[in-house]
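Here is how names work: the chains are called A, B, and so on, in the same order as the sequence lines, proteins then strands, and each is numbered from 1.
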Protein chains: 2
Amino acid sequence: MTAQDTAARLEGVGHRLTAPRRAVLEAILAAPALFTVEDICAAAPGVGRATVFRTMKLLQEIDLVCRVPLEDGSVRYQFSQGDHHHHLVCSACGSIKEFIDPELDARILEDALTAGFHLDGHSLELYGRCAACDR
Amino acid sequence: MTAQDTAARLEGVGHRLTAPRRAVLEAILAAPALFTVEDICAAAPGVGRATVFRTMKLLQEIDLVCRVPLEDGSVRYQFSQGDHHHHLVCSACGSIKEFIDPELDARILEDALTAGFHLDGHSLELYGRCAACDR
DNA sequence: CTACATGCAAATTGTTTGCATAGTT
DNA sequence: AACTATGCAAACAATTTGCATGTAG
(Lines give C-alpha, C1' and ligand atoms only; values in the text may rest on other atoms or scores of the structure.)
Protein backbone atom coordinates (compact mmCIF):
# COMPACT_ATOMS: atom_id res chain seq x y z
CA MET A 1 0.00 0.00 0.00
CA THR A 2 1.31 3.41 -0.87
CA ALA A 3 1.13 6.78 0.78
CA GLN A 4 -1.21 7.87 -2.00
CA ASP A 5 -3.73 5.16 -1.28
CA THR A 6 -3.81 5.90 2.38
CA ALA A 7 -4.01 9.60 1.76
CA ALA A 8 -6.94 9.06 -0.56
CA ARG A 9 -8.65 7.11 2.15
CA LEU A 10 -8.34 10.06 4.49
CA GLU A 11 -10.03 12.37 2.05
CA GLY A 12 -12.73 9.84 1.43
CA VAL A 13 -13.86 10.20 5.02
CA GLY A 14 -13.93 13.94 4.83
CA HIS A 15 -10.55 14.75 6.28
CA ARG A 16 -8.08 17.17 4.83
CA LEU A 17 -4.95 16.03 3.17
CA THR A 18 -2.25 18.10 4.80
CA ALA A 19 1.51 18.02 4.69
CA PRO A 20 1.89 16.86 8.31
CA ARG A 21 -0.51 14.02 7.73
CA ARG A 22 1.37 13.00 4.64
CA ALA A 23 4.60 13.05 6.62
CA VAL A 24 3.09 10.86 9.31
CA LEU A 25 1.75 8.42 6.75
CA GLU A 26 5.11 8.14 5.09
CA ALA A 27 6.84 7.67 8.41
CA ILE A 28 4.44 4.88 9.23
CA LEU A 29 4.98 3.13 5.93
CA ALA A 30 8.73 3.40 6.39
CA ALA A 31 8.62 2.30 10.02
CA PRO A 32 9.18 -1.23 11.27
CA ALA A 33 6.07 -3.36 11.62
CA LEU A 34 5.64 -2.30 15.19
CA PHE A 35 6.21 1.27 16.17
CA THR A 36 5.58 3.84 18.82
CA VAL A 37 4.40 7.40 18.59
CA GLU A 38 7.94 8.33 19.45
CA ASP A 39 9.24 6.49 16.40
CA ILE A 40 6.96 8.51 14.20
CA CYS A 41 7.89 11.77 15.87
CA ALA A 42 11.54 10.99 15.23
CA ALA A 43 10.90 9.99 11.63
CA ALA A 44 8.77 13.04 10.92
CA PRO A 45 10.70 15.94 12.38
CA GLY A 46 8.87 19.18 12.09
CA VAL A 47 5.57 17.55 12.87
CA GLY A 48 4.40 18.29 16.38
CA ARG A 49 3.83 15.50 18.81
CA ALA A 50 0.21 16.55 19.28
CA THR A 51 -0.39 16.28 15.57
CA VAL A 52 1.12 12.82 15.51
CA PHE A 53 -1.23 11.76 18.26
CA ARG A 54 -4.16 13.37 16.52
CA THR A 55 -3.26 11.72 13.24
CA MET A 56 -2.81 8.33 14.86
CA LYS A 57 -6.27 8.61 16.31
CA LEU A 58 -7.64 9.43 12.89
CA LEU A 59 -5.85 6.51 11.31
CA GLN A 60 -7.20 4.18 13.92
CA GLU A 61 -10.69 5.33 13.12
CA ILE A 62 -10.20 4.47 9.46
CA ASP A 63 -8.57 1.20 10.47
CA LEU A 64 -5.30 2.01 8.79
CA VAL A 65 -3.46 1.58 12.03
CA CYS A 66 -4.18 -0.55 15.04
CA ARG A 67 -3.18 -0.33 18.66
CA VAL A 68 -1.37 -3.27 20.17
CA PRO A 69 -1.35 -3.34 23.94
CA LEU A 70 1.69 -5.22 25.17
CA GLU A 71 1.87 -7.48 28.16
CA ASP A 72 3.68 -4.87 30.22
CA GLY A 73 0.99 -2.31 29.62
CA SER A 74 2.85 -0.26 27.04
CA VAL A 75 1.37 0.44 23.65
CA ARG A 76 2.65 -0.09 20.12
CA TYR A 77 1.01 0.63 16.84
CA GLN A 78 0.93 -1.34 13.69
CA PHE A 79 0.05 -0.64 10.11
CA SER A 80 -3.08 -2.64 9.62
CA GLN A 81 -4.55 -4.65 6.83
CA GLY A 82 -7.91 -3.41 7.92
CA ASP A 83 -9.72 -6.65 8.47
CA HIS A 84 -10.38 -8.20 11.81
CA HIS A 85 -7.43 -10.03 13.24
CA HIS A 86 -5.53 -10.93 16.38
CA HIS A 87 -1.91 -10.65 17.39
CA LEU A 88 0.84 -13.01 18.33
CA VAL A 89 3.49 -11.05 20.17
CA CYS A 90 6.94 -12.55 20.56
CA SER A 91 8.41 -11.65 23.91
CA ALA A 92 11.93 -12.37 22.69
CA CYS A 93 12.32 -10.44 19.46
CA GLY A 94 9.26 -8.26 19.84
CA SER A 95 7.90 -9.17 16.46
CA ILE A 96 4.18 -9.30 15.94
CA LYS A 97 2.31 -11.61 13.68
CA GLU A 98 -1.29 -11.17 12.76
CA PHE A 99 -3.63 -14.10 12.39
CA ILE A 100 -7.29 -14.66 11.80
CA ASP A 101 -9.46 -17.54 12.88
CA PRO A 102 -13.15 -17.22 12.12
CA GLU A 103 -13.91 -20.24 14.20
CA LEU A 104 -12.28 -18.63 17.18
CA ASP A 105 -14.30 -15.48 16.66
CA ALA A 106 -17.45 -17.54 16.41
CA ARG A 107 -16.65 -19.21 19.69
CA ILE A 108 -16.11 -15.85 21.31
CA LEU A 109 -19.44 -14.60 20.06
CA GLU A 110 -21.08 -17.69 21.42
CA ASP A 111 -19.54 -17.18 24.83
CA ALA A 112 -20.83 -13.64 24.88
CA LEU A 113 -24.32 -14.82 24.04
CA THR A 114 -24.21 -17.44 26.74
CA ALA A 115 -23.37 -14.73 29.22
CA GLY A 116 -26.23 -12.60 27.94
CA PHE A 117 -23.90 -10.02 26.47
CA HIS A 118 -24.45 -8.03 23.36
CA LEU A 119 -20.96 -8.10 21.92
CA ASP A 120 -19.54 -4.97 20.30
CA GLY A 121 -15.94 -6.00 19.93
CA HIS A 122 -13.08 -7.83 21.53
CA SER A 123 -9.36 -7.80 21.76
CA LEU A 124 -7.13 -10.81 21.89
CA GLU A 125 -3.38 -10.82 22.19
CA LEU A 126 -1.26 -13.93 22.45
CA TYR A 127 2.09 -13.69 24.12
CA GLY A 128 4.89 -16.13 23.62
CA ARG A 129 7.95 -16.85 21.52
CA CYS A 130 7.93 -16.99 17.78
CA ALA A 131 9.28 -19.93 15.83
CA ALA A 132 12.61 -18.24 15.21
CA CYS A 133 13.20 -17.31 18.85
CA ASP A 134 11.91 -20.52 20.37
CA ARG A 135 15.04 -22.62 20.18
CA MET B 1 -11.43 -14.99 50.78
CA THR B 2 -10.30 -13.09 53.83
CA ALA B 3 -7.54 -10.61 54.43
CA GLN B 4 -5.84 -13.28 56.53
CA ASP B 5 -5.68 -15.73 53.68
CA THR B 6 -4.26 -13.22 51.30
CA ALA B 7 -1.81 -11.99 53.86
CA ALA B 8 -0.65 -15.52 54.46
CA ARG B 9 -0.10 -15.90 50.78
CA LEU B 10 2.19 -12.90 50.77
CA GLU B 11 4.33 -14.34 53.50
CA GLY B 12 4.46 -17.66 51.77
CA VAL B 13 6.33 -16.09 48.91
CA GLY B 14 8.84 -14.46 51.19
CA HIS B 15 7.33 -11.00 51.48
CA ARG B 16 6.86 -9.10 54.66
CA LEU B 17 3.48 -8.60 56.16
CA THR B 18 3.35 -4.91 56.87
CA ALA B 19 0.60 -2.58 58.01
CA PRO B 20 0.39 -0.75 54.65
CA ARG B 21 0.08 -4.02 52.79
CA ARG B 22 -2.66 -5.13 55.13
CA ALA B 23 -4.45 -1.85 54.55
CA VAL B 24 -4.24 -2.26 50.80
CA LEU B 25 -5.50 -5.83 50.99
CA GLU B 26 -8.47 -4.77 53.07
CA ALA B 27 -9.23 -1.91 50.74
CA ILE B 28 -9.21 -4.30 47.81
CA LEU B 29 -11.52 -6.76 49.51
CA ALA B 30 -13.90 -3.94 50.39
CA ALA B 31 -13.71 -2.38 46.93
CA PRO B 32 -16.16 -2.96 44.10
CA ALA B 33 -15.30 -5.74 41.69
CA LEU B 34 -13.44 -3.38 39.45
CA PHE B 35 -11.24 -0.72 40.91
CA THR B 36 -8.45 1.67 40.16
CA VAL B 37 -5.30 2.44 42.04
CA GLU B 38 -6.97 5.71 42.93
CA ASP B 39 -9.84 3.86 44.60
CA ILE B 40 -7.41 2.04 46.80
CA CYS B 41 -5.49 5.17 47.64
CA ALA B 42 -8.75 6.77 48.72
CA ALA B 43 -9.80 3.74 50.73
CA ALA B 44 -6.44 3.40 52.41
CA PRO B 45 -5.55 6.91 53.50
CA GLY B 46 -2.16 7.12 55.06
CA VAL B 47 -0.71 4.68 52.59
CA GLY B 48 1.44 6.37 49.98
CA ARG B 49 0.54 6.09 46.35
CA ALA B 50 3.91 4.56 45.56
CA THR B 51 3.30 1.84 48.08
CA VAL B 52 -0.09 1.10 46.62
CA PHE B 53 1.51 0.71 43.20
CA ARG B 54 4.26 -1.44 44.63
CA THR B 55 1.76 -3.60 46.46
CA MET B 56 -0.44 -3.97 43.42
CA LYS B 57 2.51 -5.20 41.48
CA LEU B 58 3.24 -7.75 44.18
CA LEU B 59 -0.35 -8.94 44.22
CA GLN B 60 -0.35 -9.37 40.49
CA GLU B 61 2.69 -11.55 40.77
CA ILE B 62 0.91 -13.83 43.24
CA ASP B 63 -2.21 -13.73 41.06
CA LEU B 64 -4.36 -12.22 43.74
CA VAL B 65 -5.19 -9.32 41.53
CA CYS B 66 -5.43 -9.00 37.80
CA ARG B 67 -5.13 -6.10 35.42
CA VAL B 68 -8.02 -5.40 33.10
CA PRO B 69 -7.17 -3.17 30.17
CA LEU B 70 -10.26 -1.32 28.99
CA GLU B 71 -11.15 -0.45 25.44
CA ASP B 72 -10.16 3.16 25.87
CA GLY B 73 -6.71 2.22 27.06
CA SER B 74 -7.27 2.86 30.73
CA VAL B 75 -6.61 0.19 33.32
CA ARG B 76 -8.69 -1.30 36.07
CA TYR B 77 -7.85 -4.00 38.55
CA GLN B 78 -9.86 -6.87 39.83
CA PHE B 79 -9.60 -9.20 42.74
CA SER B 80 -8.87 -12.49 41.10
CA GLN B 81 -9.99 -15.99 41.73
CA GLY B 82 -6.62 -17.08 40.58
CA ASP B 83 -7.64 -19.38 37.81
CA HIS B 84 -7.46 -18.54 34.18
CA HIS B 85 -10.39 -16.58 32.88
CA HIS B 86 -11.49 -13.87 30.48
CA HIS B 87 -13.51 -10.72 30.88
CA LEU B 88 -16.74 -9.40 29.54
CA VAL B 89 -16.77 -5.66 30.01
CA CYS B 90 -20.06 -3.78 29.81
CA SER B 91 -19.59 -0.43 28.17
CA ALA B 92 -22.79 0.90 29.65
CA CYS B 93 -22.62 0.15 33.35
CA GLY B 94 -18.93 -0.71 33.47
CA SER B 95 -19.49 -4.03 35.16
CA ILE B 96 -17.18 -6.88 34.44
CA LYS B 97 -18.06 -10.52 34.33
CA GLU B 98 -15.51 -13.27 34.28
CA PHE B 99 -15.98 -16.36 32.22
CA ILE B 100 -14.01 -19.43 31.34
CA ASP B 101 -14.18 -21.55 28.24
CA PRO B 102 -11.64 -24.34 28.00
CA GLU B 103 -12.59 -24.99 24.43
CA LEU B 104 -11.82 -21.41 23.55
CA ASP B 105 -8.46 -21.67 25.24
CA ALA B 106 -7.75 -24.86 23.36
CA ARG B 107 -8.52 -23.14 20.11
CA ILE B 108 -6.20 -20.30 21.00
CA LEU B 109 -3.41 -22.71 21.80
CA GLU B 110 -3.98 -24.41 18.50
CA ASP B 111 -3.77 -21.15 16.61
CA ALA B 112 -0.49 -20.38 18.32
CA LEU B 113 0.88 -23.77 17.34
CA THR B 114 -0.19 -23.31 13.77
CA ALA B 115 1.73 -20.07 13.68
CA GLY B 116 4.77 -21.78 15.16
CA PHE B 117 4.49 -19.89 18.42
CA HIS B 118 5.34 -21.18 21.83
CA LEU B 119 2.50 -19.67 23.81
CA ASP B 120 3.16 -18.23 27.26
CA GLY B 121 -0.09 -16.47 27.87
CA HIS B 122 -2.85 -14.45 26.35
CA SER B 123 -5.32 -11.79 27.18
CA LEU B 124 -8.84 -11.66 25.90
CA GLU B 125 -11.37 -8.97 26.68
CA LEU B 126 -14.85 -8.82 25.27
CA TYR B 127 -16.57 -5.47 25.05
CA GLY B 128 -20.27 -4.99 24.80
CA ARG B 129 -23.41 -4.48 26.86
CA CYS B 130 -24.47 -6.77 29.64
CA ALA B 131 -27.92 -8.34 29.79
CA ALA B 132 -29.22 -5.70 32.16
CA CYS B 133 -28.02 -2.76 30.09
CA ASP B 134 -28.93 -4.17 26.71
CA ARG B 135 -32.56 -3.11 26.53
C1' DC C 1 20.28 -6.08 64.25
C1' DT C 2 19.71 -6.07 59.35
C1' DA C 3 17.42 -6.17 55.33
C1' DC C 4 13.42 -4.94 53.40
C1' DA C 5 9.45 -1.66 53.13
C1' DT C 6 7.54 3.05 53.38
C1' DG C 7 6.52 7.89 52.51
C1' DC C 8 7.31 11.83 50.31
C1' DA C 9 8.39 14.56 46.62
C1' DA C 10 10.60 14.96 42.44
C1' DA C 11 11.27 12.85 38.01
C1' DT C 12 9.41 10.27 34.11
C1' DT C 13 6.49 8.95 30.48
C1' DG C 14 2.53 9.22 27.69
C1' DT C 15 -1.23 11.90 26.13
C1' DT C 16 -4.47 15.83 25.85
C1' DT C 17 -5.83 20.67 25.46
C1' DG C 18 -6.03 25.88 24.66
C1' DC C 19 -5.15 29.12 21.53
C1' DA C 20 -3.21 31.99 18.03
C1' DT C 21 -1.56 31.07 13.37
C1' DA C 22 -1.19 28.73 8.94
C1' DG C 23 -3.12 25.87 5.28
C1' DT C 24 -6.93 23.35 2.43
C1' DT C 25 -10.66 23.28 -0.24
C1' DA D 1 -13.61 33.26 2.64
C1' DA D 2 -14.75 29.57 5.81
C1' DC D 3 -13.41 26.14 8.25
C1' DT D 4 -10.01 22.76 9.68
C1' DA D 5 -5.53 21.49 11.07
C1' DT D 6 -1.09 22.69 13.20
C1' DG D 7 2.48 23.86 16.52
C1' DC D 8 3.81 25.00 20.76
C1' DA D 9 3.69 24.95 25.44
C1' DA D 10 1.25 24.15 29.34
C1' DA D 11 -1.82 20.97 31.62
C1' DC D 12 -2.74 16.30 32.92
C1' DA D 13 -2.63 11.61 34.29
C1' DA D 14 -0.41 7.60 35.53
C1' DT D 15 3.50 5.47 37.25
C1' DT D 16 8.41 5.23 38.84
C1' DT D 17 12.42 6.44 41.48
C1' DG D 18 15.81 8.37 45.03
C1' DC D 19 16.59 8.63 49.53
C1' DA D 20 16.23 9.17 54.45
C1' DT D 21 13.52 6.90 57.97
C1' DG D 22 10.74 3.21 60.01
C1' DT D 23 9.90 -1.66 61.10
C1' DA D 24 9.09 -6.84 60.55
C1' DG D 25 11.40 -10.95 61.30
Side-chain angles (χ1 to χ4, degrees), chain A residues 3-4 6-28 31 34-62 64-78, chain B residues 3-4 6-28 31 34-62 64-78:
Chain A
Q4 278 66 40
T6 59
R9 215 149 134 189
L10 259 189
E11 288 194 293
V13 201
H15 291 293
R16 288 187 180 169
L17 186 41
T18 66
R21 283 180 183 165
R22 250 177 215 292
V24 170
L25 282 173
E26 268 157 33
I28 288 177
L34 245 215
F35 53 88
T36 63
V37 167
E38 260 314 298
D39 293 336
I40 303 305
C41 286
V47 178
R49 223 177 282 287
T51 298
V52 174
F53 274 101
R54 289 187 274 232
T55 304
M56 293 294 274
K57 191 167 291 181
L58 260 185
L59 297 179
Q60 282 177 68
E61 280 162 17
I62 344 177
L64 271 182
V65 149
C66 70
R67 264 174 69 98
V68 184
L70 300 192
E71 214 167 5
D72 67 356
S74 67
V75 177
R76 291 294 124 81
Y77 292 91
Q78 195 177 212
Chain B
Q4 279 66 42
T6 60
R9 216 148 133 186
L10 259 188
E11 288 194 292
V13 200
H15 292 293
R16 289 187 181 169
L17 186 40
T18 66
R21 285 180 181 165
R22 251 176 214 291
V24 170
L25 283 172
E26 268 157 32
I28 288 177
L34 246 215
F35 52 89
T36 63
V37 167
E38 260 312 300
D39 293 336
I40 303 305
C41 285
V47 178
R49 225 176 283 287
T51 297
V52 173
F53 274 101
R54 288 187 275 232
T55 305
M56 293 293 273
K57 191 167 292 180
L58 259 186
L59 297 179
Q60 283 177 68
E61 281 161 18
I62 344 177
L64 272 182
V65 150
C66 69
R67 265 174 69 97
V68 183
L70 300 193
E71 215 167 5
D72 67 356
S74 66
V75 177
R76 291 294 124 82
Y77 292 91
Q78 196 177 211

Contact interval (first through last nucleotide) of DNA chain D with protein chain A, 4.0 Å heavy-atom:
D:dC3 to D:dC8

Atom CG of B:D72 and atom C1' of C:dT16: how far apart are they, to the nearest Å?
14 Å

Salt bridge (Lys or Arg N to Asp or Glu O under 4.0 Å) against B:E38, all qualifying residues, sequence neighbours excluded:
B:R49

Pairs under 3.5 angstrom only: tabulate donor-acceptor contacts from the side chains of residues 11-21 of chain B to other protein residues two or more places apart or in another chain.
unit_1 : atom_1 : unit_2 : atom_2 : d
B:T18  : OG1    : B:R21  : N      : 3.4
B:R21  : NH1    : B:R16  : O      : 2.8

Nearest heavy-atom pair of A:Y77 and A:Q60: which atoms, and what distance?
CE2-NE2, 3.5 Å

Shortest non-hydrogen contact from A:T55 toward A:V24
CG2-CG1, 3.8 Å

In whole angstrom, give the distance that lies between atom CZ of A:R16 and atom C1' of C:dA22.
11 Å

With five pairs defining each end axis, the helix from C:dC1-D:dG25 to C:dT25-D:dA1 comes out bent, to 10°, by 40°

Least distance between heavy atoms, A:T36 atom then A:V75 atom:
CG2-O, 4.4 Å

Under 4.0 Å between any heavy atoms, over every strand shown, what does A:G46 touch: base, sugar-phosphate, or nothing? Just pick one.
sugar-phosphate

Would you say that B:L59 contacts B:T6 through its side chain, given a criterion of any heavy-atom pair below 4.5 Å between the two side chains?
no

For the CD1 atom of A:I62 and the CG atom of A:L64, what is their distance to the nearest 0.5 Å?
5.0 Å

Go through the structure and list residues passing side-chain contact (heavy atoms from CB on, under 4.5 Å) with A:A23, not counting sequence neighbours.
A:A44, A:V47

Using heavy-atom distances to pick each residue's nearest nucleotide on DNA chain D, tell me which of B:Y77 and B:L17 is more 5'.
B:Y77

Shortest non-hydrogen pair, B:P45 vs B:A42, comes out as CD-O, 3.7 Å

Short side-chain N/O contact to C:dA9 OP1/OP2 from B:R49, under 4.0 Å:
no

Distance in Å, B:L10 CG paired with B:L58 CG, rounded so as to fall on 0.5 Å steps
6.0 Å

For DNA chain C, which residues of residues 50-62 of chain B approach it to below 4.0 angstrom with any heavy atom?
B:A50, B:T51, B:R54

Toward the 5' end of DNA chain D, by each residue's nearest nucleotide, B:T18 or B:E38:
B:E38

